[in-house]
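These numbers come from the heavy atoms of this one structure, side chains and all, not from hydrogens, waters or symmetry mates. The shown structure was predicted, so the numbers you read here are calculated from the model rather than taken from an experiment. Protein chains get the first letters and strands the later ones, always in sequence-line order, with residue 1 at the start of each.
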Amino acid sequence: MYEQGSASGDFFRSVHDTVREIPAGRVTSYGAIAKYLGSARSSRMVGWALNGASEQVAAHRVVNRLGELTGRTAFPGPDMMQDRLQAEGVPVENHRVLNFEKYFWDPSIALGDEVELA
DNA sequence: AACGTGACACAGC
DNA sequence: AGCTGTGCCACGT
């Protein structure tokens, strides 16, 4: 139903595609993805999109701007997200990513979007 | 067709 | 310095 089949779900699908590009051992924020899609303030939509994301989408690599694993509530296991991140090499403490800035993965940069080239 | 919800972000208090 | 309120945009009912 609310899969990629939705014609209006272009935004929805774009989020999946972006998150899918996140390398293991890296994390990104909803705002970064939303901003990359063109709507920095629609970070909520990013989470909503991941809500229907398939397992091929690294939704567990997406955290909020503070590095908090806020999305763990939508996972089958409340600690599954944290455990999985640590398994990929991302240190997590109390459902928070340590050195978040260091592990932060920006789609705008990784995907080659010349934003600051000016 | 309209209202409510939602895994956020930012400004104000 | 932490909490509340509002804004954002799309999906769900």
Side-chain angles (χ1 to χ4, degrees):
Chain A
M1 352 98 70
Y2 41 81
E3 285 299 314
Q4 312 149 21
S6 302
S8 303
D10 183 64
F11 197 97
F12 190 92
R13 192 191 60 123
S14 298
V15 174
H16 289 185
D17 185 55
T18 304
V19 175
R20 206 178 293 166
E21 296 302 304
I22 304 176
R26 292 282 192 251
V27 284
T28 190
S29 64
Y30 303 95
I33 298 172
K35 186 174 184 177
Y36 174 69
L37 297 179
S39 299
R41 301 309 194 255
S42 20
S43 39
R44 309 161 80 147
M45 272 29 310
V46 179
W48 191 249
L50 292 176
N51 192 13
S54 302
E55 295 183 23
Q56 58 185 312
V57 181
H60 63 273
R61 292 183 192 148
V62 184
V63 295
N64 74 351
R65 194 179 166 300
L66 305 177
E68 298 176 278
L69 282 52
T70 49
R72 64 186 155 87
T73 54
F75 274 79
D79 294 315
M80 180 187 123
M81 194 174 179
Q82 175 182 339
D83 183 64
R84 193 156 173 178
L85 251 59
Q86 291 180 127
E88 296 188 351
V90 180
V92 180
E93 178 68 31
N94 191 18
H95 297 136
R96 266 199 309 272
V97 178
L98 301 180
N99 303 314
F100 177 60
E101 298 179 49
K102 190 171 76 171
Y103 290 95
F104 182 74
W105 180 85
D106 192 332
S108 303
I109 298 174
L111 298 183
D113 184 45
E114 64 287 48
V115 178
E116 53 191 285
L117 180 60

**OP:** Output yes when a side-chain donor or acceptor of A/Asn94 lies under 3.5 Å from a complementary backbone atom of A/Arg96, and no otherwise.
**Re:** no
**OP:** Measure the distance from OH on A/Tyr36 to P on B/dA9 and round it to the nearest whole Å.
**Re:** 19 Å
Subject >> Distance in angstrom units between A/Arg61 CZ and B/dA7 C1', rounded >> reply: 17 Å
Subject >> Reported CH2-to-OG distance for the pair A/Trp105 and A/Ser29, which is rounded to 0.5 angstrom >> reply: 11.0 Å
Original post:
Can you find a donor-acceptor N/O pair under 3.5 angstrom joining the side chain of A/Arg65 to the base of B/dC8?
Top reply: no
**OP:** Send over the distance from A/Phe12 CZ to B/dA7 C1', rounded to a whole Å.
**Re:** 12 Å
**OP:** Check the distance between C/dC11's P and A/His16's NE2 and give it to me in whole angstrom.
**Re:** 11 Å
**OP:** Measure from the side-chain N and O atoms of A/His95 to the backbone N and O of A/Gln82, and report whether any donor-acceptor pair falls under 3.5 Å.
**Re:** no
Original post:
Within this structure, what is the CZ-to-C1' distance between A/Arg44 and B/dG4, rounded to whole angstrom?
Top reply: 11 Å
Subject >> Whole-Å gap separating C1' (B/dA9) and CZ (A/Phe100) >> reply: 13 Å
Subject >> A/Ser43 (side chain) and B/dC8 (base): donor-acceptor pair under 3.5 Å >> reply: yes
**OP:** May I have the distance from A/Tyr30 (atom OH) to C/dC8 (atom P), rounded to whole angstrom?
**Re:** 21 Å
**OP:** Ignoring backbone atoms, test whether A/Thr70 places a side-chain nitrogen or oxygen under 4.0 Å from the OP1 or OP2 oxygen of B/dC8.
**Re:** yes
Subject >> From OG1 (A/Thr28) to CG (A/Asn64), nearest 0.5 Å >> reply: 11.0 Å
Subject >> Gap separating the CD atom of A/Glu21 from the OH atom of A/Tyr36, nearest 0.5 angstrom >> reply: 9.0 Å
Subject >> Which residue lies more 5' along DNA chain B, comparing A/Arg72 with A/Arg41 via nearest heavy atoms >> reply: A/Arg72
Subject >> Among B/dC8, C/dC11, C/dC8, the one nearest A/Asn64 by side-chain distance >> reply: B/dC8
**OP:** Mind checking A/Ala49 for me? I need base, sugar-phosphate or nothing, with any heavy atom below 4.0 Å counting as a touch.
**Re:** nothing
Original post:
Atom CG of A/Leu85 to atom P of B/dA7: distance rounded to whole Å?
Top reply: 18 Å
